Amino acid sequence: QHQLEESGGGSVQAGGSLRLSCATSEYMYSINCMGWFRQAPGKEREVVAAIWTVDSGTYYADSVKGRFTISRDNAKNTVYLQMNSLKPEDTAMYYCAAVEPSYRGAWDVCLAPSEERFGYWGQGTQVTVSS
């Protein structure tokens, strides 16, 4: 049983697109900061994007600005990561994470996400971009 359910990973050629989904419970989603992280082989895990579920405020890593879009669907308690113009450097295991349910202080985390503040994690979904 998973608190965060990820899907949408796969293989794509450079320049292609992929959309990742992270489905969770209403309790986990309602007031929270949810983020996407990734870890490539030989690299440390890094933040990709984050979203404040209350009003959709967002954060993006410089490396993905203009290419990736994080969004939410309140009816489905789901957060998405639309990835366009994918590059081989985007190849990684992508993880969905959440800070804390029903925690308004999570807003501050969303302003400058750090993985240490995220207490809930999905299993990850692999994204592979070929040249």
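Any value given below was found using the heavy atoms of this structure, including those in side chains, with hydrogens, waters and symmetry copies removed. Residue numbers run from 1 in the order of the sequence given. Please read all numbers here as calculations on a predicted model, not as lab measurements.
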Please list every donor-acceptor pair under 3.5 Å in which a side-chain atom of residues 10-20 meets a protein atom from a residue at least two apart or in another chain.
{"residue": "Ser17", "atom": "OG", "partner": "Asn84", "partner atom": "OD1", "Å": "2.8"}

Problem set entry | Summary of ring pair (Phe, Tyr, Trp, His ring centres under 6.0 Å) pairs that have at least one residue in residues 79-106, sequence neighbours excluded |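 For residues 79-106, and leaving out neighbouring residues, there are no ring pair (Phe, Tyr, Trp, His ring centres under 6.0 Å) pairs at all.
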
Exercise. Is there any ring pair (Phe, Tyr, Trp, His ring centres under 6.0 Å) pair reaching into residues 30-51, and which pairs are they, with sequence neighbours excluded?
Worked result: Phe37-Phe118, Phe37-Trp121

Exercise. Given the rule that I, L, V, M, F, W and Y join up when any side-chain heavy atoms are under 4.5 Å apart, are Val109 and Val47 in one cluster?
Worked result: yes

Problem set entry | Common cluster, Met83/Val79, ILVMFWY with side-chain heavy-atom separation under 4.5 Å |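 Yes, one cluster joins them.
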
Quick check: closest heavy atoms across [X] and [Y], and the distance to 0.1 Å?
X: Ala49; Y: Leu81; value: CB-CD1, 4.2 Å
X: Met28; Y: Ala98; value: SD-CB, 4.0 Å
X: Ser21; Y: Thr78; value: CB-CG2, 4.3 Å

Problem set entry | Any donor-acceptor pair under 3.5 Å from Ser63 side chain to Ala61 backbone | no

Seminar exercise, completed: Excluding Leu111, membership of its hydrophobic cluster (Ile, Leu, Val, Met, Phe, Trp, Tyr; side-chain heavy atoms within less than 4.5 Å) reads Ile31, Trp52, Val54, Trp107

Problem set entry | Pairs involving residues 22-35, ordered by first then second residue, that meet side chain to side chain donor-acceptor pair (under 3.5 Å) (sequence neighbours left out) | Tyr29-Asn74

Exercise. For Asp55, which residues count as a side-chain hydrogen bond (donor to acceptor under 3.5 Å, both in side chains) partner, sequence neighbours excluded?
Worked result: none

For this session: Return the set of residues passing side-chain hydrogen bond (donor to acceptor under 3.5 Å, both in side chains) with Glu115 (not counting sequence neighbours), or none when no residue passes.
Result: Arg45

With sequence neighbours left out, what residues match [X] under side chain to side chain contact (heavy atoms under 4.5 Å, CB included)?
X: Lys65; answer: Tyr60, Asp62
X: Ser114; answer: Glu116, Arg117
X: Ala50; answer: Cys33, Tyr59, Cys110, Pro113

Exercise. Yes or no on side-chain contact (heavy atoms from CB on, under 4.5 Å) for Thr91 and Gln126, after CA distance, side-chain angles and deciding distance?
Worked result: CA-CA 8 Å; Thr91 295; Gln126 179 67 39; 4.1 Å; yes

Exercise. Met34 and Thr53: side-chain contact (heavy atoms from CB on, under 4.5 Å), yes or no, with the steps?
Worked result: CA-CA 7 Å; Met34 299 185 68; Thr53 61; 4.0 Å; yes

For this session: Output every pair passing salt bridge (charged side-chain N to carboxylate O under 4.0 Å, His left out) with a member in residues 89-109, not counting sequence neighbours, ordered by first then second residue.
Result: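 As it turns out, the salt bridge (charged side-chain N to carboxylate O under 4.0 Å, His left out) pairs with a partner in residues 89-109, which skip direct neighbours, are Arg38-Asp90, Arg67-Asp90.
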
For this session: Any disulfide (SG to SG under 2.5 Å) involving residues 63-103? Give me the pairs, sequence neighbours left out, ordered by first then second residue.
Result: Cys22-Cys96

